[in-house]
Structure formats: C-alpha cells, structure tokens
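I have placed the structure first, in the form of structure tokens, so that the comments after it can refer back to it.
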Amino acid sequence: MTKYIFILGGVVSSLGKGIASASIGCLLKSRGYSVRMRKLDPYLNVDPGTMSPYQHGEVFVTHDGAETDLDLGHYERFADLNCHKTDSVSGGRIYYNVLQKERRGDYLGATVQMIPHVSNEIKTFISSDLHNEDFVLYEVGGTVGDIEATLFLEAIRQFRNEVGKENVLIVFLTLLPYIESAGEMKTKPTQHAVKTLLQVGIQPDILLCRTQKMISEDERRKIALFCNVNKESVISALSVDNIYKIPLTYHQQGLDTQVLKHFNMLESSPEPDLSKWEEIVKISSAYEKTVEIAVVGKYCGLQDAYKSLGEALTHAGIANHAKVKVTWMDASQLEPMSDEDVANTLKPFAGILVPGGFGDRGIEGKIRAVQYARENNVPYFGICLGMQMAVIEACRHLVGIKDAGSAEFEKPCTPVISKMRVWEKDGVKCIRPDNGDLGGTMRLGAYPCVIQEGSLAHRIYGQTDIEERHRHRYEMDISYAPQLEEKGVVLSGKSPDGLLPEIIEIPEHPFFIGVQFHPEFTSRPGRPNPIFKAFIEAAIKKDILL
Ligand code: GLN
C-alpha cells in the first residue's frame with residue numbers, strides 16, 4: 001500500500017521546505033523505494049508559467065512539458081526522479097476546475113461550496129495518476145495559517161481519515177530562533193505553529209526544526225511535550241554551508257528512521273546507500289581549483305530566477321573538481337560601455353554564459369558579451385535566448401546583416417529569430433493559433449534533437465540522438481543557415497524533421513556553443529549535463545592557458 005507524506009511549513013516562510021522535502025525523497029530513494037514527489041501551491045495563479053522570475057524564482061520545466069514551481073527542480077535533483085505534469089497543482093487550478101465543472105453543470109444544480117466541492121477537487125488531485133509508488137510526498141507551499149492554505153489543510157485532514165492514519169505522515173518544518181542576548185533557543189513559535197495546525201485538525205508526526213545549533217535533549221523533550229510528538233521525532237535541521245550535506249545530516253539525525261518507524265517499515269527496510277552524496281560532499285568541501293564564470297542575464301538580482309542553471313554549473317564544477325564562482329551580471333550594464341570597458345569587465349572570466357530569458361531588456365548587452373567571447377576565444381555557452389543572441393551577433397558581425405534581430409523585440413529589425421508557427425510533438429503537428437494568449441503557446445518539454453556527426457555537440461554528448469527540454473516561442477530562422485555556415489557558424493543539431501535549428505557552434509573557436517533547449521533542467525548531482533561539464537572543462541583549460 002502506498003504511503004503518503006505531507007510536508008507543511010510553519011513560523012516563517014523561506015525555511016527551505018522544497019529542499020527539505022526533496023531530501024526526504026532522496027533518503028527514501030536511497031533505500032531502494034519508489035518515490036513520487038508533488039507540490040500543492042495554494043496561490044491563485046493557474047500555473048506558474050506567467051509568474052515573474054523576480055517574485056517567484058525560475059519556472060521549472062518537466063520532461064512532459066509542464067511549467068512548474070522551482071521546487072520540482074529540487075525534487076528531480078535530490079531524489080533523482082522525473083516529475084510529471086500531474087505532480088503540481090495550484091489553488092488557482094483547483095478553483096478553475098471547480099468553476100468549469102459548475103459551468104458545465106457537473107454538480108447537477110447543487111450549491112457549490114468550499115467543502116465538499118473544493119476540498120474534493122484537492123483530494124482528487126492528491127490521489128490522481130498514482131502507480132503503486134511506495135511513497136508519495138506532497139509539499140504544501142506557504143505557511144500554516146495562510147488564508148489560501150486553509151482548504152488544502154482541510155483536504156489533507158479528510159484524506160488522512162479516509163486512507164487511514166497509519167498510511168499518512170505529516171512532517172512539519174518549523175524554526176527555532178536563537179536569541180543571542182539570552183543565549184537561548186526559543187521553542188514558543190514552534191509551539192504556536194503546531195497549535196495553529198491543531199486548530200484545523202492536523203497533528204504533526206515529525207517536527208523538522210531549522211536551527212543554528214543542535215537541539216539539546218532537554219529542549220527536544222520540551223518540544224515533544226508541548227507539541228504532542230515523541231522525542232525522537234523532533235529533528236534538528238541544522239543550517240549548513242552546502243545544500244548537498246542536507247540528506248546526510250537528516251539521515252544522521254534519524255529522520256528516515258522516524259519516517260519508516262511511523263509506517264512500521266523500519267525492520268524490513270534496506271539500509272540507505274548514500275555513497276554518491278558522501279562523494280559529492282567530499283569533493284565540494286575541498287575543491288582543487290576555482291573557475292570564474294560570468295552569467296550575463298537579466299534577473300540577476302534574484303538568484304532563484306536561475307536556480308537550475310546555478311545548480312547545473314555546480315554539478316559540472318564537482319565533475320571537474322573545481323569550484324565554479326559565478327558572477328551574475330546584469331546585461332544592461334554592458335550597453336553604454338565602450339568596447340574597451342566591455343573587454344575589461346569580461347576579462348576576469350574564464351567562460352561566458354548567456355542564459356534563457358524573455359523580453360527586450362539587456363538584449364544589446366548580451367549581444368556584446370557574445371561578440372567579446374567569440375572574438376577573444378573565451379568559452380561561450382548560450383542557452384535558449386543565449387543561442388538566439390549568438391545567432392543575431394553572427395548575422396550582424398559575420399554575415400553583415402546590420403539590423404539583424406528577433407521578432408520578439410519591439411525595435412524594427414530584420415528578424416533572423418522568428419516565431420515558430422508549426423512544430424511537431426510526439427508525431428503530432430502543433431500549429432500556433434493567431435493571438436494565442438501568453439500561457440500555453442510555447443514549445444515546452446522534451447523534444448528530440450539530431451546531432452551532426454563529428455561536431456563539438458557530438459563529442460560532448462557522445463551520441464547523435466538526444467532529448468532535451470524546451471521553453472520558448474521563437475526559433476532561429478533556418479533560411480539563414482547557409483549564410484552563417486559560410487562564415488563558420490555550423491548548425492550542429494536540428495529537430496528530426498530538419499526544420500528547427502537546435503544547436504549552433506563555431507568549430508574554429510575553442511568552445512562556442514548555443515542551444516535552443518535548456519540543458520540545466522536535466523542536470524543532476526553526480527550526473528551533470530554533458531554540455532555544462534564540457535563548458536566548465538573548456539573554461540578551466542582557458543584559465544590554464546592565461
Ligand atoms: N524569449 C525567447 C523565446 O521565447 C527565449 C526563451 C528562453 O530563453 N527560454 O523564444
């Protein structure tokens with residue numbers, strides 16, 4: 001019988017519930033269990049596709065093409081699994097479904113109410129599309145006490161009664177603030193948060209307490225007494241300097257033991273194999289060298305906007321035994337600079353990466369970064385918009401189309417990047433509707449790409465048939481390919497029908513590659529994405545040559 005684990009948060013937000021959930025998934029997976037991970041986000045947006053990365057961090061794209069919350073990226077990376085479209089839902093989506101059903105007359109004229117209609121819709125999501133997994137984990141976004149979360153908690157309460165308490169575990173992530181002047185760790189906020197949870201009928205089984213210091217036995221006993229859990233289930237979630245230590249520290253604190261004990265599975269459980277994580281922590285705690293990379297992008301004020309990208313660079317660094325020091329650079333700052341100043345700004349870096357993005361801001365700065373990398377033999381890696389910038393730069397400065405640009409931007413131009421109208425997904429032709437709304441008109445999810453033999457991409461991937469995840473509306477206009485190839489820019493990867501350019505490279509350059517997809521979404525600790533690994537390797541080589 002499948003066991004259900006709900007992870008809720010209390011006291012304050014930003015306690016790292018996503019990584020905590022992902023680490024529980026990781027520990028169960030490391031014992032050989034099948035694990036599914038899901039996110040319930042109470043906010044009213046129907047999906048995160050149109051949410052600003054400034055506010056909400058990156059939009060993570062699943063293999064099957066869902067635009068989801070960045071926490072699904074943590075799940076994929078820590079528990080080494082692929083999430084699905086059906087693994088995330090928002091309050092907005094739940095209400096949207098209920099209202100659509102009401103309009104269709106599905107409720108047969110009944111008065112539509114929060115309970116049972118909305119709560120039932122949430123329960124339907126909780127038990128939908130499951131395939132006999134050993135464990136299904138559900139992280140609930142927000143903090144207990146939020147108005148939006150109320151219905152979700154009610155649904156969880158009902159669900160627990162329906163499937164039996166022995167099949168459900170509630171993990172509650174809280175904070176134990178340390179008051180310097182008193183030299184004491186305070187348990188009161190946690191006690192209050194548990195009370196708030198009890199008011200909606202949910203008793204937590206495990207308290208995962210974020211702390212600066214280990215919780216003493218006395219404090220554990222006190223928390224256990226006031227919060228009605230056993231002492232062993234009060235777990236210290238210590239703040240660590242390296243997120244890859246989290247699964248290991250949770251294991252040392254006995255978190256997986258308590259989870260399995262709750263389900264009466266401890267005796268029969270295999271021991272966890274955490275050797276991969278031990279190796280990762282060993283390397284990342286004592287790097288042999290440092291490599292400096294400039295990421296020239298747009299949302300540089302908030303690192304969560306490039307979460308998977310940062311992680312993929314770190315994975316690639318670990319594979320190369322190098323600390324990747326990333327400078328997140330706002331592309332627009334390069335725009336007013338003289339050529340000399342651009343060169344001076346970019347000189348300290350062994351590699352330049354232009355990431356994905358939307359909209360006009362900083363575009364000319366990104367193009368200047370590409371030009372600098374191309375002309376100065378600095379390893380360049382362009383992702384999605386970063387590939388489009390490389391195409392525009394080459395069209396302008398190598399082919400001589402002075403006003404080359406993208407149809408996405410407002411400035412009049414000769415569009416060498418334009419909107420895809422027709423593409424194929426799983427053998428089915430997709431046609432973009434005229435005036436389609438912003439959500440839902442993108443090429444999303446994994447698509448196959450055929451790589452040209454003997455190319456850099458071929459050497460990187462070691463095969464000609466690959467699959468990577470996409471999220472974009474625009475595409476290089478393939479009719480410019482002959483002119484570009486004549487100037488040494490090769491189209492080394494295309495969609496299987498040969499219509500969509502997926503990878504460009506410059507064979508004469510030490511390392512210059514642009515990809516229309518987002519390889520950062522498939523990178524995992526211990527299994528970096530091949531392009532990231534090769535990019536860091538090239539940057540290290542460049543550093544040695546300097
Ligand atoms: N804005 C570009 C497009 O829609 C690139 C998107 C991206 O970088 N993810 O095609």
Side-chain angles (χ1 to χ4, degrees), residues 47-54 56-62 65-68 70 73 295-300 304-310 312 328 331-332 352-367 369-370 380-393 395 404-411 413 415-423 425 430 432-433 436-447 449 468-478 480 493 495 499-504 513-523 529 531-532:
D47 64 49
T50 52
M51 289 169 91
S52 162
Y54 284 120
H56 203 71
E58 101 183 340
V59 173
F60 184 79
V61 180
T62 59
E67 295 179 282
T68 67
L70 58 77
V295 173
V296 183
K298 174 175 168 188
Y299 314 104
C300 290
D304 268 1
Y306 296 118
K307 194 84 214 165
S308 297
L309 180 71
W328 304 93
S332 48
I352 294 174
L353 191 156
V354 175
F358 293 83
D360 290 37
R361 202 164 64 79
I363 285 307
E364 293 303 321
K366 290 176 194 174
I367 294 172
V370 178
Y380 176 77
F381 183 12
I383 296 178
C384 205
L385 184 69
M387 161 175 166
Q388 298 174 0
M389 295 300 100
V391 170
I392 293 173
E393 195 278 327
C395 283
S406 163
E408 181 179 3
F409 312 137
E410 275 181 22
K411 209 168 132 211
C413 66
V416 294
I417 307 292
S418 50
K419 223 174 207 173
M420 301 166 303
R421 294 211 39 96
V422 182
W423 66 94
K425 176 90 184 158
C430 305
R432 172 191 304 285
D437 56 14
L438 274 188
T441 56
M442 279 199 261
R443 192 165 168 234
L444 283 169
Y447 281 86
C449 165
E468 290 283 7
R469 301 183 193 176
H470 290 246
R471 180 175 184 247
H472 57 109
R473 293 191 179 84
Y474 297 84
E475 193 76 58
M476 169 189 158
D477 183 337
I478 201 157
Y480 289 96
S495 55
L499 292 177
L500 302 175
E502 309 283 37
I503 309 178
I504 59 151
I513 195 160
V515 294
Q516 190 53 73
F517 42 81
H518 287 270
E520 68 270 32
F521 292 139
T522 50
S523 187
N529 179 281
I531 315 191
F532 278 90

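Every value quoted in this text rests on a predicted model; they were computed, and no experiment measured them. Start at 1 and go down the list; that is how both ligands and their atoms are numbered.
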Any donor and acceptor pair, going by atom type alone, linking the side chain of Gln388 with main-chain N or O of Tyr474 inside 3.5 Å?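 At least one qualifying donor-acceptor pair exists.
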
Hey, which residues fall under 4.0 Å of ligand 1 on heavy atoms?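 These residues qualify: Gly356, Gly357, Phe358, Cys384, Leu385, Gln388, Glu408, Arg471, His472, Arg473, Tyr474, His518.
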
Would you confirm whether the ring centroid of Tyr447 sits within less than 6.0 angstrom of the ring centroid of Phe517?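 No - the distance between ring centres of Phe517 and Tyr447 does not fall below the 6.0 Å cut-off.
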
side-chain contact (heavy atoms from CB on, under 4.5 Å) against [X], all qualifying residues, sequence neighbours excluded:
X: Cys384; answer: His472, Gln516, His518
X: Val59; answer: Glu67, Arg471
X: Thr522; answer: Glu468, Arg469, Asn529

To the closest 0.5 Å, what do you measure between CD (Glu408) and CD1 (Ile417)?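 Glu408 atom CD to Ile417 atom CD1 measures 9.5 Å (nearest 0.5 Å).
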
